[in-house]
Every structure is written in structure tokens, then in C-alpha cells.
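So the structure is just underneath, and the comments pick up after that.
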Amino acid sequence: AFVETGDPILDGDFTDEREMLARLVESPRVTECLARNLLTFALGATPDDAAECSLDSLAESRGSLRSLLLDVVTSYAFRYRAPLTRADFP
């Protein structure tokens, strides 16, 4: 199947799912997207400007989901996030 994403690592023909997965793991764009979504989920909110520094370091966990998850929960943005209040729950 041919894919066009704008990411040179991902663009082109895939022969099978293993090749596609290998390219996904290699792509910094995919890692950044995963890191942003994991941090958003962990924070319960979209990362603010202060959390952007955490995102930069999270994106360096390329290829290891375990490392990425550990980096999320030990990141400054996660450890020092504002506590939730009753108003946060409908």
C-alpha cells in the first residue's frame, strides 16, 4: 500500500505490516505525536507552555514505549501539575 504523510520516513510503499511498524518506530514525528497524546492523557489537559519542555525530552524516548511511559510519569509537567478540584468533574 502507498502512503503519503509528508514524513519522508513514512511515505512510500509498504510490503507488509512489519515494514509499516518498523517505519513508525523510526519516525520522530510519530514519537512526538505519541508523547504529546500520552502527556495530555496523563495531565488530563492539553499541555501548556511549561509542559512543552517535558515534551521535548519525552520525544527522545524513540522506540521504547516503556521508556516513554516512565518519562511521562517522571516528567516535571506530570509531577508538578495542578491538583484537580471538584469543578474539574461534571
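Once rounded to the nearest 0.5 Å, the distance linking CG of Asp11 with CG of Asp7 reads 6.5 Å. Atom CG in Leu39 sits 11.0 Å away from atom CG in Leu34 (nearest 0.5 Å). To the nearest 0.5 Å, atom CD of residue Glu17 and atom CG of residue Leu24 are 12.0 Å apart.
Contact between Val72 and Ala42 at its shortest, heavy atoms only, is CG1-CB, 3.7 Å. Shown here for Val25 and Thr31, the closest heavy-atom pair between the two residues is O-OG1, 4.4 Å. For the pair Phe78 and Val73, the tightest heavy-atom approach, listed with the atom from each and the gap, is CD2-O, 3.2 Å.
Applying the side-chain contact (heavy atoms from CB on, under 4.5 Å) test to Ala22 and every residue at least two apart in sequence or in another chain returns nothing. For Phe41, there are no ring-ring contact (aromatic ring centres under 6.0 Å, His included) partners at least two apart in sequence or on another chain.
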request  = Would you please test Val30 and Leu10 for side chain to side chain contact (heavy atoms under 4.5 Å, CB included) and show each step?
outcome  = CA-CA 9 Å; Val30 171; Leu10 299 176; 3.8 Å; yes

inquiry  = If you apply the rule salt bridge (charged side-chain N to carboxylate O under 4.0 Å, His left out), what do you find for Arg36 with Glu32, and how did you get there?
reply    = CA-CA 6 Å; Arg36 179 173 295 281; Glu32 290 168 15; over 6 Å; no

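Enclosure of atom CZ in Arg66 is not indicated, since only 12 or fewer non-hydrogen atoms of other residues, nucleotides or ligands lie within 6.0 angstrom.
Proximity of a side-chain donor or acceptor of Arg81 to a complementary backbone N or O of Leu43 within less than 3.5 Å is not detected. Counting only distance, with no hydrogens or angles, the side chain of Arg29 and the backbone of Ile9 share no donor-acceptor pair below 3.5 Å.
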